[in-house]
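Presented below is the structure to which this report refers.
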Amino acid sequence: AHDKIMAALRADKYAPPPLQSFAAQGKHYQEAIRYVIESREAHKCGAEFLLLEEVWREIVTFIRERLSASGNFAVTELRERFGFSRKYAIPILEESDRLKLTERQGDLRIKGA
């Protein structure tokens with residue numbers, strides 16, 4: 001289960017399958033999901049999906065650079081940089097808000113606490 005999850009995440013690192021598609025495959029997959037999160041091989045973005053940890057770090061680096069350069073950024077900047085659809089961009093930004101990396105201010109994100 002672990003290897004199949006990791007292969008799926010690597011296959012399209014900016015558009016991973018829904019988390020539910022793994023969890024629905026049973027207990028072994030659910031245990032593997034917990035393992036990849038706890039071992040920091042992947043980062044969970046809400047209840048929607050997992051991202052490879054290196055992809056998550058790449059996103060966080062981008063966010064920090066944008067905030068440092070201009071003090072804010074828009075969803076479209078994240079979408080354009082990584083080719084995310086809105087389906088992925090919004091949960092990623094909600095996760096960055098949850099972690100207090102960013103804070104939503106209208107259509108923009110600013111530096112969080």
Side-chain angles (χ1 to χ4, degrees):
H2 170 273
D3 293 344
K4 289 181 180 179
I5 290 170
M6 294 305 291
L9 296 179
R10 288 184 190 108
D12 195 351
K13 63 184 187 175
Y14 297 121
L19 186 55
Q20 185 56 35
S21 70
F22 298 129
Q25 294 186 51
K27 184 178 178 178
H28 293 296
Y29 276 82
Q30 293 164 10
E31 290 171 355
I33 290 167
R34 268 191 297 281
Y35 177 78
V36 298
I37 293 168
E38 290 171 1
S39 66
R40 296 183 187 252
E41 291 179 73
H43 186 89
K44 185 177 174 196
C45 284
E48 286 85 6
F49 55 88
L50 298 171
L51 288 168
L52 292 170
E53 185 63 31
E54 58 263 24
V55 172
W56 177 249
R57 286 193 309 264
E58 186 180 351
I59 293 166
V60 168
T61 298
F62 170 78
I63 290 171
R64 286 185 173 143
E65 288 172 354
R66 292 299 306 138
L67 291 172
S68 178
S70 65
N72 63 53
F73 71 99
V75 174
T76 55
E77 293 177 72
L78 184 71
R79 290 175 59 198
E80 289 171 4
R81 165 60 179 85
F82 294 99
F84 291 132
S85 68
R86 195 163 179 81
K87 169 184 168 181
Y88 295 100
I90 298 303
I92 288 169
L93 291 172
E94 288 172 348
E95 178 68 3
S96 71
D97 293 345
R98 185 187 72 77
L99 296 172
K100 307 242 185 268
L101 176 64
T102 59
E103 181 180 315
R104 184 176 178 191
Q105 192 172 67
D107 291 339
L108 298 175
R109 288 304 199 279
I110 61 170
K111 186 176 180 181

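Start at 1 with the first residue, then count along the sequence. The analysis underlying the following values was restricted to heavy atoms, covering all of them including side chains, and did not include hydrogens, waters or symmetry mates.
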Near Asp107 CG, under 6.0 Å, is it more than 12 heavy atoms from other residues, nucleotides or ligands? no

Please test Phe73 against Leu93 for side-chain contact (heavy atoms from CB on, under 4.5 Å), starting from the C-alpha separation and ending with a verdict. CA-CA 11 Å; Phe73 71 99; Leu93 291 172; 3.7 Å; yes

Is the shortest side-chain heavy-atom distance between Asp97 and Arg109 below 4.5 Å? yes

Check Arg81 with Glu58, please: is the shortest side-chain N to carboxylate O separation under 4.0 Å? yes

Side-chain contact test, heavy atoms from C-beta onward, threshold under 4.5 Å: evaluate it for Leu52 versus Arg10 and give yes or no. yes

In Å and rounded to the nearest 0.5 Å, what is the CG to CD distance from Leu99 to Glu94? 12.0 Å

Check the orientation of Tyr29 and Phe22. Use parallel for under 30°, tilted for 30 to 60°, and perpendicular for over 60°. parallel

Hydrophobic cluster identity match, Ile63 and Leu108, side-chain contacts under 4.5 Å: no

With heavy-atom distances below 4.5 Å as the criterion, would you say the side chains of Leu67 and Phe62 are in contact? no

Point-to-point distance, once rounded to the nearest 0.5 Å, from CD1 of Ile92 to CD of Glu48: 10.0 Å

Could you tell me whether a side-chain N or O of Ser21 sits under 3.5 Å from a main-chain N or O of Pro17, the two making a donor and an acceptor? no

Step by step, work out the side-chain contact (heavy atoms from CB on, under 4.5 Å) result for Ile110 and Thr102. CA-CA 5 Å; Ile110 61 170; Thr102 59; over 6 Å; no

Measuring from atom CD of Glu53 to atom CZ of Arg40, what distance do you get when rounded to the nearest 0.5 angstrom? 7.0 Å

Assess, by modelled atom type and distance only, whether the side chains of His43 and Glu95 contain a donor and an acceptor separated by less than 3.5 Å. yes

Passes side-chain contact (heavy atoms from CB on, under 4.5 Å), Leu9 versus Leu51? Steps please. CA-CA 7 Å; Leu9 296 179; Leu51 288 168; over 6 Å; no

For Ala89 and Leu78, which heavy atoms make the closest approach, and how far apart are they? O-CD2, 4.0 Å

Less than 4.0 Å between a side-chain N and a carboxylate O, is that true for Lys111 and Glu103? no

Report yes or no: does Ser68 contribute a side-chain atom to a donor-acceptor pair with the main-chain N or O of Arg64 at less than 3.5 Å? no

Is a side-chain N or O of Tyr88 found less than 3.5 angstrom from the main chain of Pro16, in a donor-acceptor match? yes

Would you say that Phe84 contacts Ile90 through its side chain, given a criterion of any heavy-atom pair below 4.5 Å between the two side chains? no

Using the side-chain contact (heavy atoms from CB on, under 4.5 Å) rule, take Val36 and His2 through it: C-alpha gap first, then chi angles, then the decisive distance, then the call. CA-CA 7 Å; Val36 298; His2 170 273; 3.4 Å; yes

Is the side chain of Glu77 donor-acceptor paired with the backbone N or O of Ala74 at a distance under 3.5 Å, no angle test? yes

If you round to the nearest 0.5 Å, how far is CH2 of Trp56 from NZ of Lys44? 13.0 Å

